[in-house]
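Input: a single structure, listed below in structure tokens.
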Amino acid sequence: MRTTIAHLHVSDEAGLASTRGDDLTPYIPAILEPAFDGSDAELLAAWRAGRAALQTAVLAVPDGQKLPWFGPPMSPIAFFTARLMETWAHGQDIADALGVRRAPTARLRHVCEIGFRTRAWSYTVAERVPPDVAVRVALTAPDGSIWTWGPEDAPERVTGSAHDFALLVTQRRHRDDLALAADGPAADEWLAIAQAYAGFPGTGRPAGLPAA
């Protein structure tokens, strides 16, 4: 858990550097192998303070300016969504380590949104060519409503639980353990490689983990 918080802390520090236009290359080793010299309490305090500073800095970014990142540059709102997604995903790692389950909320929509928008990115990092086929995504939200993305008349569809879709695109659970259905070969291929985060394609989680 300490390593997870350190990773989030260093990533937020890199985010601050991005708002200043700094080179992000020096942050890569620390993100891949995060460490913190202080106590657990000091690490938690540093992460929380850094997150607050990052929020202030991103809110001050002028309209129309994009922030460089380890994937494609992002608008401030997209950057906020990406940081929320990563924090939620690593929060799942901590929940798993503690053996607890988190109650899904409407904020999952942000994770699902970036999961949908990074469909092409999933192909890029997997070194594949994305098919020229639209996919409609219709997910059941925690309150029972339906969240949708993509053209209503798309020839292929992904349906199921919004919580499970968020777990899939952040690679926190194996597809076989999730309540998701793909109607069509392009939709099926996407779910096999979906990755909402920057960086190398992950190996995902093994099948058979406890429900999240």
Side-chain angles (χ1 to χ4, degrees), residues 3-34 47 50-51 53-93 107-135 137 139 149-150 158 162 165-173 175 186-187 189-205:
T3 300
T4 299
I5 297 297
H7 169 77
L8 290 172
H9 174 54
V10 175
S11 298
D12 287 345
E13 289 292 307
L16 273 172
S18 177
T19 66
R20 299 191 297 265
D22 295 348
D23 178 18
L24 301 183
T25 304
Y27 290 89
I28 294 176
I31 287 175
L32 294 177
E33 296 184 16
W47 172 52
R51 177 152 295 266
L54 177 62
Q55 177 179 334
T56 299
V58 175
L59 287 172
V61 173
D63 291 341
Q65 179 176 322
K66 290 196 172 184
L67 295 169
W69 198 237
F70 301 103
M74 293 181 284
S75 68
I77 189 65
F79 188 84
F80 271 139
T81 303
R83 297 309 304 143
L84 186 153
M85 175 271 297
E86 185 175 1
T87 303
W88 181 84
H90 286 301
Q92 185 62 52
D93 298 336
R107 297 182 72 188
L108 274 178
R109 186 177 185 113
H110 301 292
V111 182
C112 295
E113 172 84 22
I114 198 170
F116 172 77
R117 289 181 176 273
T118 51
R119 180 186 170 205
W121 167 253
S122 300
Y123 281 85
T124 298
V125 295
E127 298 184 338
R128 301 190 190 185
V129 178
D132 188 20
V133 178
V135 176
V137 176
L139 305 173
W149 294 267
V158 169
F165 184 77
L167 289 167
L168 180 83
V169 299
T170 58
Q171 297 188 5
R172 259 51 194 183
R173 285 297 184 274
R175 182 181 173 185
E189 181 183 33
W190 174 30
L191 293 192
I193 62 172
Q195 177 177 323
Y197 53 88
F200 301 109
T203 57
R205 298 294 190 270

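Between Gly199 and Val125, the shortest heavy-atom distance links the atoms O-CG1, 3.7 Å. Between Pro72 and Trp121, the shortest heavy-atom distance links the atoms CD-CZ3, 3.7 Å. Summarising the geometry of Thr170 relative to Leu167, their closest heavy-atom pair is OG1-O, 3.3 Å, with the distance given to 0.1 Å. Between Gly71 and Ala198 the shortest heavy-atom distance is N-CB, 3.7 Å.
The side-chain heavy atoms of Trp190 and Val137, taken from C-beta on, include a pair separated by under 4.5 Å.
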Output a table of donor-acceptor pairs, distance under 3.5 Å, between side-chain atoms of residues 20-30 and any protein atom two or more places apart or on a different chain; print 'none' if there are none.
| from | atom 1 | to | atom 2 | distance (Å) |
| --- | --- | --- | --- | --- |
| Arg20 | NE | Asp22 | OD2 | 2.9 |
| Arg20 | NH2 | Asp22 | OD2 | 3.2 |
| Asp23 | OD1 | Thr25 | N | 3.0 |
| Asp23 | OD1 | Thr25 | OG1 | 2.9 |

With a 3.5 Å cut-off and sequence neighbours excluded, list the donor-acceptor pairs that the side chains of residues 6-16 form with protein atoms.
| from | atom 1 | to | atom 2 | distance (Å) |
| --- | --- | --- | --- | --- |
| His7 | ND1 | Ile31 | O | 3.0 |
| His7 | NE2 | Glu86 | OE2 | 2.6 |
| His7 | NE2 | His90 | NE2 | 3.4 |
| Ser11 | OG | His7 | O | 2.8 |
| Asp12 | OD1 | Arg51 | NH2 | 3.2 |
| Asp12 | OD1 | Arg83 | NE | 3.0 |
| Asp12 | OD1 | Arg83 | NH2 | 2.8 |
| Asp12 | OD2 | Trp47 | NE1 | 3.4 |
| Asp12 | OD2 | Arg51 | NE | 3.3 |
| Asp12 | OD2 | Arg51 | NH2 | 3.0 |

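Separation of atoms CG (Leu67) and OG (Ser18) is listed at 4.5 Å; rounding is to 0.5 Å.
Sorted pairs that involve residues 190-203 and meet salt bridge (Lys or Arg N to Asp or Glu O under 4.0 Å), not counting sequence neighbours, are lacking altogether. Residue pairs satisfying the side chain to side chain donor-acceptor pair (under 3.5 Å) criterion with at least one member in residues 195-205, sequence neighbours excluded, are listed as follows: Asp93-Arg205, Gln171-Tyr197. For residues 71-81, there are no side chain to side chain donor-acceptor pair (under 3.5 Å) pairs, not counting sequence neighbours.
Within 6.0 Å of atom CD in Glu33, 12 or fewer heavy atoms from other residues, nucleotides or ligands are found, so the atom counts as exposed in its surroundings.
In this structure Phe80 satisfies the ring pair (Phe, Tyr, Trp, His ring centres under 6.0 Å) test with no other residue, sequence neighbours excluded. Legend: residues meeting side-chain hydrogen bond (donor to acceptor under 3.5 Å, both in side chains) with Trp88, ordered by chain and number and at least two apart, are absent. For the side-chain contact (heavy atoms from CB on, under 4.5 Å) test, residues two or more places apart in sequence or in another chain that qualify with Ala196 are Met85, Ile114, Thr118, Val169. With sequence neighbours excluded, the residues forming a salt bridge (charged side-chain N to carboxylate O under 4.0 Å, His left out) with Arg128 are Glu189, listed by chain and number. Residues passing the side-chain contact (heavy atoms from CB on, under 4.5 Å) test with Pro76 are Val58, Val61, sequence neighbours excluded. Every residue two or more places apart in sequence or in another chain was checked for a salt bridge (charged side-chain N to carboxylate O under 4.0 Å, His left out) with Arg119, and none qualifies. Applying the side-chain contact (heavy atoms from CB on, under 4.5 Å) test to Arg109 and every residue at least two apart in sequence or in another chain returns Trp147, Trp149.
Each of Leu108, Leu139, Val111 was scored for a side chain to side chain contact (heavy atoms under 4.5 Å, CB included) with Phe165, with one residue passing: Leu139.
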